[in-house]
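Everything numeric here is computed off the predicted structure, so don't read it as measured data. We name chains A, B, ... by the order of the sequence lines, and we start the count at 1 in each one.
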Protein chains: 2
Amino acid sequence: MNQDVTPTFRPLYQQIKEALLARVVSGEWSPGSFIPSESALSNQYGVSVGTLRKALDALAQENVLIRYQGKGTVVATHDSDRSLFQFFCLVGLDGKRSLPISRVLIRERRAATTEETEALALGTSEDVIHIRRIRELDERPALLEDLVVSARNFAGLEEQPSPLPNTLYHLYQQRFGRSVAHAEERIFAVAADDKDKGCLGVETGTPLLEIRRIAKDLQGNPLEYRISRCETHSHCYLNEL
Amino acid sequence: MNQDVTPTFRPLYQQIKEALLARVVSGEWSPGSFIPSESALSNQYGVSVGTLRKALDALAQENVLIRYQGKGTVVATHDSDRSLFQFFCLVGLDGKRSLPISRVLIRERRAATTEETEALALGTSEDVIHIRRIRELDERPALLEDLVVSARNFAGLEEQPSPLPNTLYHLYQQRFGRSVAHAEERIFAVAADDKDKGCLGVETGTPLLEIRRIAKDLQGNPLEYRISRCETHSHCYLNEL
DNA sequence: TAGTGGTCTAGACCACGGT
DNA sequence: CCGTGGTCTAGACCACTAG
């Protein structure tokens, strides 16, 4: 029986794709900047434009690059365009998306729990930075978020910058060079506890959505573990399949 | 100011793509059958293989076609392979997916409610076929599903076949020639009522996930409206972004 | 007008599945 | 061995942007 452990074959455009990705990950090409043109790159790698284009298109498909006809190709950022909503699935009952406003309640550095250690793949007894905030939609509290990141990778986040921006992923990218590329969300139905009552203004026992998200970078390393609790009278979680 | 209402340009491969899609939708190429080879099709349409390939690849990307190297291209079906799980987001707490088993409680033809009329884009006072079933995961009731389809498009579904198959979308495709291609799910947190108590064996008031799904065909016409209620102690809803 | 990415072509060779 | 889809190439022309 042939074990077939050998990959027997590896498309050129995939190798090119990985080489390009490496240059993004390494920071050689930073988010928001233009990368060399197709013809320049095809010369660099000694492949035809067509092959190189296939690699670029694949990376654009995965939201790593953004292509602009007539202008060039840029490394994707988290502030630009509609990529803001890539990780935000809450919509109004009418299907409209609106931008949440944040109010920070807690911002501290502390030891990681075992749950957080597992979710973030930390070493033993590492610290995390914990942020709790309320996010308002249409001027009413809609979301209670508790999120943690590794204190090692995000040193100083607990005190600076003093007003946290509304979109944290943009900050992770700009200030710490860590870009969230994928996320995995698990959704549960839970009953509101006293904390939820105080923060969201709902009765204790009210059914809430609990969304547990692990956000990962391009290589699949976990960057952030976030638990959101959300009341669903005027909003819901939307997923298109 | 230029209104830019004119599309000014329309890629050839997109026109080809639509032409191919039309042949799938019309039933000329039925699910599970092989379509002509790339070279045959490129001759038919008078375009190069490269252009035709781009159209095929786009359709494969959208799960309309499945390409097998060395064999040919087939129209996708709902029984084949892992496409079973394309619309099933519930996983165990360990992340493992398992196949649910169904027990039908209600199966009837009746007038549509206004909510159903809107969701399915029906005309005035049309009938629907309503099915209620319990789906078990790991031998315990996990899901209570209520689904409706247009009685006009699915005539006879309320009585035949007498034992309903576990995977309804396959039946829709085989028996009624309607293929579910996309779906849109809205998720809410709700409290269990007496019906849930009887069917799922949970206490009244227990928080449940309520998943409202509208399943659509290739052209975006709604085919089925489904409301599922789900308890999340041993399972959860998984979404990858 | 120059430079970019987008489209399209024609043809070569490779990997895979079946005969 | 043949036919299929998969990869790769080289080059032409089109559409968009900017100076």
Side-chain angles (χ1 to χ4, degrees), chain A residues 1-20 23-24 29 32-76 80-81, chain B residues 1-20 23-24 29 32-76 80-81:
Chain A
M1 184 74 109
N2 187 351
Q3 279 290 110
D4 203 334
V5 180
T6 332
T8 64
F9 186 62
R10 187 64 159 315
L12 227 197
Y13 76 88
Q14 260 191 36
Q15 302 176 35
I16 301 290
K17 177 185 159 190
E18 281 164 29
L20 296 173
R23 295 174 78 168
V24 172
W29 294 333
S33 66
F34 279 81
I35 72 174
S37 74
E38 293 184 341
S39 59
L41 287 172
S42 63
N43 283 334
Q44 272 183 41
Y45 288 102
V47 299
S48 78
V49 237
T51 301
L52 195 124
R53 167 184 294 276
K54 195 158 182 180
L56 287 178
D57 285 344
L59 289 172
Q61 173 102 25
E62 298 172 24
N63 297 310
V64 176
L65 301 177
I66 305 176
R67 316 256 266 143
Y68 296 102
Q69 183 174 166
K71 292 179 67 179
T73 303
V74 306
V75 181
S80 63
D81 312 314
Chain B
M1 184 75 109
N2 187 352
Q3 279 288 111
D4 202 335
V5 179
T6 331
T8 64
F9 184 63
R10 188 63 162 315
L12 227 198
Y13 75 90
Q14 258 191 38
Q15 302 176 37
I16 301 289
K17 178 185 158 190
E18 279 163 31
L20 297 173
R23 294 173 78 167
V24 173
W29 295 332
S33 66
F34 279 82
I35 72 174
S37 74
E38 292 184 343
S39 59
L41 287 172
S42 63
N43 283 334
Q44 273 184 41
Y45 288 101
V47 300
S48 78
V49 227
T51 301
L52 195 123
R53 167 185 293 276
K54 195 158 180 178
L56 287 178
D57 285 343
L59 290 172
Q61 175 103 23
E62 297 173 24
N63 297 312
V64 177
L65 301 177
I66 304 177
R67 318 257 266 143
Y68 296 101
Q69 181 172 167
K71 292 179 67 179
T73 302
V74 307
V75 181
S80 66
D81 313 313

Item to check | Which residue lies more 5' along DNA chain D, comparing Thr51(A) with Lys71(A) via nearest heavy atoms | outcome: Thr51(A)
Checklist entry - Is the distance from OP1 or OP2 of dT7(C) to the nearest side-chain N or O of Tyr13(B) less than 4.0 Å? => result yes
Item to check | Contact summary for Leu20(A) and Ala55(A), nearest pair of heavy atoms | outcome: CD1-CB, 4.1 Å
Next on the checklist: What's the closest nucleotide to the side chain of Arg53(B) if the choices are dC8(C), dG6(D), dC8(D)?
Outcome noted: dG6(D)
Item to check | Asn43(B) CG to dG11(C) P, straight-line distance once rounded to whole Å | outcome: 12 Å
Checklist entry - Which heavy atom of Leu41(A) sits nearest a heavy atom of Pro36(A), and at what distance? => result CD1-O, 3.6 Å
Next on the checklist: Would you say Lys54(B) places a side-chain N or O within less than 4.0 Å of OP1 or OP2 belonging to dT7(C)?
Outcome noted: yes
Checklist entry - In terms of side-chain geometry, is the basic nitrogen of Glu18(B) or Arg23(B) positioned less than 4.0 Å from the acidic oxygen of its partner? => result no
Checklist entry - Given atom CD of Gln15(A) and atom C1' of dT7(D), what is their separation to the nearest angstrom? => result 12 Å
Checklist entry - Of the candidate nucleotides dT9(C), dC16(C), dT9(D), which contains the atom at the shortest distance from the side chain of Ser48(B)? => result dT9(C)
Checklist outcome for this item: Ranking dT9(C), dG6(D), dT17(D) by distance to the side chain of Leu12(B), first place goes to dT9(C)
Next on the checklist: From C-beta outward on Gln69(B), which listed nucleotide comes closest to its side chain: dG5(D), dT7(D), dG6(C)?
Outcome noted: dG5(D)
Checklist entry - Paired with dA12(D) by Watson-Crick or G-U wobble geometry, both distances under 3.5 Å: which nucleotide is it? => result dT7(C)
Checklist entry - For Ser42(B) and Leu52(B), which heavy atoms make the closest approach, and how far apart are they? => result N-CD1, 3.5 Å
Checklist entry - Quick one: Leu56(A) CG to dT4(C) P, roughly how many Å, whole number? => result 13 Å
Checklist outcome for this item: Whole-Å distance, Leu52(A) CG to dT4(C) C1', equals 14 Å
Checklist entry - Rounded to the nearest Å, what distance is computed from the CG atom of residue Leu65(A) to the P atom of nucleotide dG5(C)? => result 11 Å
Checklist entry - Which pairs pass salt bridge (charged side-chain N to carboxylate O under 4.0 Å, His left out) with one or both residues in residues 41-53 of chain A, sequence neighbours excluded? => result Glu38(A)-Arg53(A)
Next on the checklist: By nearest atom, which of the nucleotides dT9(D), dC8(C), dG5(D) is closest to the Pro11(B) side chain?
Outcome noted: dC8(C)
Checklist outcome for this item: Glu38(A) atom CD is separated from dA10(D) atom P, nearest whole Å, by 15 Å
Checklist entry - Across the strands shown, which category fits Val49(A) at heavy-atom distances under 4.0 angstrom: base, sugar-phosphate, nothing? => result nothing
Checklist entry - If you check the Thr73(B) side chain, which of dC8(D), dT9(C), dG5(D) turns out closest? => result dG5(D)
Checklist entry - Looking at dT9(C), dC8(D), dG5(D), which one has an atom nearest to any side-chain atom of Arg67(B)? => result dG5(D)
Checklist entry - To the nearest Å, how far apart are Leu20(A) CG and dG5(C) P? => result 12 Å
Next on the checklist: Tell me the interatomic distance from Asp57(A), atom CG, to dC8(D), atom P, rounded to whole angstroms.
Outcome noted: 14 Å
